[in-house]
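Given the structure is predicted, the values throughout are model-derived calculations rather than measurements. Excluded from the calculations below are hydrogen atoms, water molecules and symmetry mates; all remaining heavy atoms, backbone and side chain alike, are included.
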Amino acid sequence: MFLEERDNEIYEFGPFRLEVAERRLYRDGEPLVLPPKAFDVLVVLVRHDGKLLSKQELLDLIWPGLAVEEANLGNNISFLRKALGSTAAEGSIIETVPRHGYRFRGNVTLLQPPAVVIERYTVTEVVTEEIDLPFDTPSATPLIDLGPVPPPKQIESGSPVSLPQPPPPALARAKWPALLLIGMVSLLGLGFFAAKLTAPSNSPALPPPRIVPVTNLSGEKIHPAFSPDGKQLAYAWDQRETEDFDIYITQVGSLTPKRFTDNPLKEFRPVWSPDGKYLAFLRGQSETLELIIKSIETGTERSLGMVQGGLSWSPDGKYLAIQDLLPEKTQTGIFLLEVETGQRSLLTNPPAPWYDLRPVWSPDGRKMAFLRRQAEYGDIWVVPAQGGAPRQITFEKQLLDSLAWMADGKELVFSSNRAGDIALWRVSISGGEPQAVTPANGIPADVAVSPTGHRLVYHQMQFSTNLWSLKRANPNLPWSSANVGQPVPLTATSRWADSPNFSPDGNHIVFASNESGTGEIWTCKADGTNPVRLTFFNKNLAGTPHWSPDGQTIVFDGGTNGEKLVYRMSAQGGTPQLLTEHGIANNLPSWSRDGKWIYFCSQRTGKRQICKMPATGGPAVQVTKVGGFECSESVDQKRLYFTSDRSTPGIWELDFTTGQERLIPELAHAGRYRYWAVAAGGIFFAAPNASQIWIINFFDFKTRTIHEVTTIRGAVLRGPSGLAISPDFNQLVYAQKDQFGTDLVMVENFR
């Protein structure tokens, strides 16, 4: 977006205060959430207060030089009206003049006159979600017939750096240095994105790139797939954001989708058959996914058995590429599944601890591109579709999640955090340095290119997560819904903050945040003030921080080049000390109550298990046998409580005296998404109720009963830990998504 910026330009109208240079809007001292383009529209209207602006004038000012549909402007105006309310003497503060345009009626006061225009510049906003392992390229892997499918180094660091001081007293509740500027996701604000999607010099002339709406409905929309003729889109849509996805089909250019599936189970990752007569998709939850083929015309379904994920249909229509477990291994490889017979053949066999996923067939059907990763980090590989030696295309060891071929089969488009925040990139299949497509406005994923090559669509996500505090109203009474105060925000970031953990004295909180642009470890006081950044990785994520019982040390996981390692560092900051070896995924550290041991999750055996090592580092020993993900030792040091996986509910306990490991019956539905914390008298945990509303509960060890504490008003996080209890048992801190949205973004005339 090209917009003249003026230094110290501050406007007031009614109860609102607009700080243009800081891109902040307040109402009675409270921050208001606006999408980036809605903010730009507001600035233009406020600067022309009382003057009638035509729609074309506004489009030219907000999206100069681009063909953007009026619907984008109308959606922005509608959002602004809802955000600002009716503050003018009569009607809305933004007046519509039929067949002409819009007029702002806010009685605007310019508090500080604009200074000299420094420059005309481009404004973009990018928001961000284990592995530096040398290994030999696997030798050629012949296709293996598996038979029919059954039915069913030191980190550079400096002194702790404090964030800018909080705003003036009137804005005291905005304790975080960044304002919540990410709201609902829409197609707004992507003109700059379209302008940057440029073609090579020898590309045929095309009209200017432009953004067109795909849908105008709420909810979460993911996994777009073009039909063979490029005229339709299939995608998965969860209308209520309860993970109840179904498949929908829409004509490109139409805003009215048609429902294609309706099943209580999650249905997602649709792909079209080459003749356009069928859709294949996945149905189920977690790792129990059924591969379904359904006729577009008759609705007849056929099951091709259970798979682990992935999905791509061969151009000749004979095979589906899938990802599934390798024989006698816990890793996944790429398989070819014959559509008519259900016969499976192994195409790739990655070396441990890597796994292959997200297969995508080349347009000519001769090659298969896929991701080889450990956790979310890895690289792009290409293998002959008839079998052979895979060839590595990128050498990034970064977060990769989506992959698509360009229509000519010479390049691949993918999403990656290779330059910091997640953005779209393109790379030649012959290798070389990836080139930026654009720093997209939001987090791009699920990228797809139309068969003609002139349309690009992707799933865009924008969100902000913050820490919230909840205290017992009466410390002398038990935790219950009747004995809690109102939740209070501790952070107010437009990015994310999560993984809270209290210091032993309860005066400080350590947490993870990407407020600086990369995932780092921070501390703040228990009331959210005085945030201080402790780590300076400056590229990859750091998370799961835990304070030592003596308050002197913090352990966390993170590392460079996407590798998950366990570190410890002084609680005052400094250079982190590496505790675990390279080459194996080790993460989610926590302390023993006496401070002598550090527990952590390790995949050294090929399966996630809880291990422990001396607090100063040294040989690790395996603790659990049934599998383990995240753990916390009991206050009396007699038991270890742990979960088996991030998204799998159920909290287990290991009795140190007997060595017995068992699932706690009352907590079979707890521990999901890492929302749980152990206290002296019980375990706090979050779980959805029958209406899929997330509730924080308390399980009492003595009475073996569960009491409801409070409702989480925002959406829960699906990755980082989200719950902590203070040592005095009086303050709960939890993470929630304050602003969250996904939508499908399409660019016409893509090069």
Test item: side-chain donor near acceptor, Ser592 and Glu633, under 3.5 Å: no

Asp498 and Thr465: side chain donor to acceptor below 3.5 Å: no

Closest non-hydrogen atom pair between Leu579 and Met613, with its separation: CB-SD, 3.8 Å

Over all atoms of both residues, closest heavy-atom pair of Met569 and Pro576: CB-CA, 4.0 Å

Distance, nearest 0.5 Å, that separates OH of Tyr675 from CG of Leu717: 4.0 Å

Distance (rounded to the nearest 0.5 Å) between Asn689 CG and Ile695 CD1: 5.0 Å

Flag for Ser415-Asp401: side-chain donor and acceptor within less than 3.5 Å: no

Sub-4.5 Å side-chain heavy-atom contact between Ser721 and Ser499: yes

Asp738 side chain to Ser464 side chain, donor-acceptor N/O pair below 3.5 angstrom: no

Verdict with reasoning, Arg17 to Leu111, per side-chain contact (heavy atoms from CB on, under 4.5 Å): CA-CA 10 Å; Arg17 177 185 177 95; Leu111 297 186; 3.6 Å; yes

Residues in side chain to side chain contact (heavy atoms under 4.5 Å, CB included) contact with Lys471, at least two apart in sequence or another chain: Ser469, Gln731

Tyr26 ring center within less than 6.0 Å of Phe13 ring center: no

Under the salt bridge (charged side-chain N to carboxylate O under 4.0 Å, His left out) test, residues paired with Arg568 that sit two or more places apart: none

Which atom of Ile554 lies closest to which atom of Ala571, heavy atoms considered: CD1-CA, 3.9 Å

Chi angles and distances behind the side-chain contact (heavy atoms from CB on, under 4.5 Å) call for Leu42, Leu25: CA-CA 10 Å; Leu42 178 62; Leu25 175 67; 3.8 Å; yes

Minimum heavy-atom distance between Ala615 and Gly595, given as atom pair plus value: CB-O, 3.4 Å

Note, Trp652 side chain near Phe629 side chain (heavy atom, < 4.5 Å): no

Heavy-atom side-chain proximity of Phe600 to Cys631 below 4.5 angstrom: no

Phe685 ring center near His669 ring center (under 6.0 Å): yes

Heavy-atom side-chain proximity of Phe642 to Ile651 below 4.5 angstrom: no

pair Trp676-Glu630: side-chain heavy atoms closer than 4.5 Å: yes

Test item: side-chain donor near acceptor, Arg608 and Thr624, under 3.5 Å: no

Sub-6.0 Å ring centroid separation between Phe684 and Phe729: yes

Sub-4.5 Å side-chain heavy-atom contact between Ile598 and His546: no

Side chains of Gln398 and Ser416, donor plus acceptor under 3.5 Å: no

Asp743 side chain near Gln460 side chain, heavy-atom distance below 4.5 Å: no

Donor-acceptor pair between Arg472 and Asn483 side chains, under 3.5 angstrom: no

Shortest non-hydrogen separation from Ser513 to Trp522 and the atoms involved: O-NE1, 3.5 Å

Contacts of type side-chain hydrogen bond (donor to acceptor under 3.5 Å, both in side chains), residue Ser644, not counting sequence neighbours: none

Heavy-atom side-chain proximity of Arg593 to Ser632 below 4.5 angstrom: yes

Whether Tyr567 and Phe556 hold their rings parallel, tilted or perpendicular, with breakpoints at 30° and 60°: parallel

Ring pair (Phe, Tyr, Trp, His ring centres under 6.0 Å) assessment of Phe701 paired with Tyr641: CA-CA 13 Å; Phe701 287 142; Tyr641 298 99; 5.6 Å; yes

Steps toward side-chain contact (heavy atoms from CB on, under 4.5 Å) verdict (Asn530, Cys524): CA-CA 5 Å; Asn530 193 33; Cys524 67; 5.8 Å; no

Between Glu708 and Ser481: side-chain donor-acceptor atoms closer than 3.5 Å: no

Distance-minimising heavy-atom pair for Ser634 and Val678: CA-CG1, 4.4 Å

Note: Glu515-Arg495 ion pair, threshold 4.0 Å (strictly below): no

